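Here the structure comes first, spelled out in structure tokens, and everything after it is commentary.
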Amino acid sequence: MESTTEPMEHRTVPTTPTPVSTVPTEQPTPIEYIRSPRAETYLTQDGTREWIPYCVEDKKPREGMVFKTLEKAIEFYKEYAVICGFDVRSATVYKNSKGIIQKYYLCSREGILESEGNYDEKGKRRRKRNSKRVGCKARIIWNLINEDGEYKVTKFFEPHNHCLASPTSMPYLRSSRKMTMVHKNFVNNNTRMNIGPTKSFRLFKENVGSYDNVGATMKDFMNFHRDLKEHIKGDDAKMLIENFIRKRDVFNGFYFDYALDEHDHVSHLFWADATSRKNYSLFGEMISFDCTYDSNTYSMVLAPFTGVDHHKSCITFGVGLLSKEDAQSFEWLFRTFLNAMGNCEPRYLITDQDPAMKVAINEVFVNTRHRLCLWHIMKKVPEKVGPELKQDEDFLKLLNECVWDMEQESEEFEATWNSLMVQYNLVENGWFQHMFSIREHWIPCYFRDLRLGGILRTTSRSESENSFFNNFTNPHVTLVEFYMRFESAMDAQRHKQDKLNTESIHSVPQFITPLPLEKHAAEVYTRKMFYMFQDEVYKACFRCGISSIRMEENIEIAQVMDHSRQKTSKVTFNSGNLMTSCSCKLFERLGILCKHAICVLNARQVTKIPEYYILDRWTKEATKRPIFDMHGNFLEECRKMNTTTKMLGEVWSEIFNCVGLAEGNEENLQQFLDNLRDFSKNLVEKGKCVPMTKTQEMELFVGPSASSNLNIQNPIPSKNKGKRHRIVGEKEAAIEQSQKPKRKCKACGAYDYHDSRNCPNKTTT
């Protein structure tokens, strides 16, 4: 810091009050940056003790010093306070038409906090609070001296009436704590992974080595997280919609829509980026749809559309947020989803037995086959058959074999079902009668003739995806925070897909047979699908055999025996075009050739999988095909990093690399630290680092504040069936009650699940 006045002789002892004794007697030698503040102590005439901190002359204010700006003057005094071990606070300011003409800065322990008593005016006990105020008189005053905006130190009172901070107390001084952009970025990035400020503080401590090196307290981390939420709070929905509008302007493939209620509160919301829409065009034959809860502070239902990609992994086509789970809300969501996907309906849509979903699906989808989750239906069997039959393992085993068998014909299923109903006296059971009447919607054998009808039999894909999203969200996040976390979840999902793509292309699997068919499958299929095909190849070689062959109009009809199951399948083979079909219908159900067909192809010395039987959706090149929407927009990934983000990542990588290389040598570490400080100083002196306001900092992390004329209000907190404080059914309540320990009731003396307050034998007066 430059001073425009000549250096003045420093007063080691103030003129008033006059000291009567000195401790210590020997003058200590000042040192450069003091982590352990040292002070000279005096006893005044009235018997009080005062402390004057030691500080090098060029870091200590003096009366008469002139500063070019008030900001530089304040910065100089704050730096002096940090070195000496005390906190400061802003105080009186005098202004006129020219601006600030006089400014006071005080020691933070100035003044006395008046006692308010233990109870407030309503008789409620006050919370106990500590006070740091001890009436300290240390202060500094600056006055404006000319029209150039220069300020002069007109008063500097140095002594303190309290001891200064010890080395262990220094990190807790307000002047020693500061939430830098490093801290704030760390907290904000961790929130995307559902890591709160408390755990973020502990993680940061591990990164820097000790709590003394953090530079902030846990409370500072928590306050910053609170400020982020407060910045979003009032305009949450509006900020999210404006963010969507800006994103659509940058990426034409981004699609979103929303609906408002009669009071302009957001009630429905849907979005899908270009990558999701492209994935739907490639893998959208079947969709699993289910809702999850507790994903945001408004209790809006999270409704993702989930599919299966070429690695048989879960993939998200779009996501909706709904305030209600009624037919009208689902109808809006399904229509919006179709609009986003160019009105291209999926072949199959699998859900649970939600009646509202069923009504909406029948209203919106014309060519889609609605399928019910087999697992959810079978889960209800024990409560529908009574206490005795649900304990019968033979019955449950036979029923599962009847229902889950994918290779049986529909006639076989019906015969087995009817036999079970008669055998166990369930013919008159209303629930079983109803489920048999809608068997085409949930029994696998009724989907075996439909292309890829066997990929999804349950909503387990949705359950898995909901669990995946729950790792990134919690019931307390705003919509803006939820979308930030959703993007992190999508990055994780797509990173996994990229990793699997790389493994499929740049690795060679281990073969178990010398067959050319197996090697060809490794060339075209993704690794997951190859292993499925390899399993069929193994069974074809070691478990299957051709028992007979006959010719019908140049078509070979072979009977292939599966020795492991003692079951014969019929395979037809056309040697002219290599067209093959099997009665097990595995290719129709899953899109790969079955063991029976492979057995015949191998017998006819076919070395490559016929092109007709290689579905694009299972190949390594499945995602390479360019896709355009109805408006001609190229649906390509919109997650490519801009130059600044990429460069920022490289900077952090280089910093951590340099630290790793230098950490074993103190001299190298000091040199690296000096270089960073010099670079930081140069940036400040050149004016390239313009300080941001608090609002600008918040916008940097969560996006710009709402500024448009859109009349959008935050959603009204919902009360859906899956909300946190939902209504518990009688059966669930009974199960929960049975798991609690019994206790003795003082009213009736019995050991039960009640007490004297709710005793059933209690008499009312």
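Only heavy atoms go into these numbers, but all of them, side chains included; no hydrogens, no water, no symmetry mates. Along the sequence shown, residues carry numbers from 1. Values in this document were obtained by computation on a predicted structure and should not be read as measured data.
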When you check the side-chain N and O atoms of [X] and [Y], is any donor under 3.5 Å from an acceptor?
| X | Y | value |
| --- | --- | --- |
| H310 | D616 | no |
| S200 | N190 | yes |
| T336 | N339 | no |
| S462 | S288 | yes |
| S90 | K103 | yes |
| N194 | N474 | yes |
| S329 | D326 | yes |

Could you go through the salt bridge (charged side-chain N to carboxylate O under 4.0 Å, His left out) check for K184 and D227 one step at a time?
CA-CA 11 Å; K184 295 174 182 178; D227 292 341; over 6 Å; no
Could you tell me how the ring of [X] sits relative to the ring of [Y]: parallel (under 30°), tilted (30 to 60°) or perpendicular (over 60°)?
| X | Y | result |
| --- | --- | --- |
| H183 | F221 | perpendicular |
| H263 | H265 | perpendicular |
| F256 | F244 | tilted |

Dump the intermediate steps for side-chain contact (heavy atoms from CB on, under 4.5 Å) on F330 and H268, then the final yes or no.
CA-CA 9 Å; F330 286 125; H268 308 141; over 6 Å; no
Go through it in stages, so that I can follow the logic: the residues are F701 and V187, the test is side-chain contact (heavy atoms from CB on, under 4.5 Å), and I'd like the CA-CA distance, side-chain angles, deciding distance and then a yes or no.
CA-CA 10 Å; F701 297 117; V187 174; over 6 Å; no
Nearest heavy-atom pair of [X] and [Y]: which atoms, and what distance?
| X | Y | value |
| --- | --- | --- |
| V208 | N213 | O-ND2, 3.2 Å |
| T217 | F201 | C-CE1, 3.5 Å |
| K380 | H376 | CG-O, 3.5 Å |
| K247 | Y483 | NZ-OH, 2.8 Å |
| T191 | H225 | CG2-CD2, 3.5 Å |
| N711 | D264 | ND2-OD2, 2.8 Å |

For the atom pair [atom1] ([X]) and [atom2] ([Y]), what is the distance rounded to the nearest 0.5 Å?
| X | Y | atom1 | atom2 | result |
| --- | --- | --- | --- | --- |
| S313 | K499 | OG | NZ | 11.0 Å |
| F317 | T275 | CZ | OG1 | 12.5 Å |
| L260 | I241 | CG | CD1 | 8.0 Å |
| C373 | F289 | SG | CZ | 14.0 Å |
| T316 | Y280 | OG1 | OH | 14.5 Å |
| Y348 | L450 | OH | CG | 4.0 Å |

For [X], does the [atom1] atom have more than 12 heavy-atom neighbours from other residues, nucleotides or ligands under 6.0 Å away?
| X | atom1 | result |
| --- | --- | --- |
| Q328 | CD | no |
| K496 | NZ | no |
| M179 | CE | yes |
| R174 | CZ | no |

L338 vs E345, side-chain contact (heavy atoms from CB on, under 4.5 Å): CA-CA, chis, key distance, verdict
CA-CA 7 Å; L338 285 183; E345 295 186 14; 4.0 Å; yes
Are any of the side-chain nitrogens in [X] or [Y] under 4.0 Å away from the carboxylate oxygens of its partner?
| X | Y | result |
| --- | --- | --- |
| R461 | E465 | no |
| D261 | K324 | no |
| R335 | E331 | yes |
| E285 | R451 | no |

C291 side chain near E325 side chain, heavy-atom distance below 4.5 Å:
yes
Given the rule in the side-chain contact (heavy atoms from CB on, under 4.5 Å) test, do L615 and L452 qualify, once you have shown the distances and angles that lead to the verdict?
CA-CA 10 Å; L615 300 187; L452 301 178; 3.9 Å; yes
Whether the side chain of T368 engages the backbone of P346 through a donor-acceptor N/O pair (distance < 3.5 Å, no angle test) should be reported.
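The answer is yes, because a donor-acceptor pair under 3.5 Å joins these two groups.
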Hey, would you say the F486 and F469 ring centroids sit under 6.0 Å apart?
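Yes, close enough.
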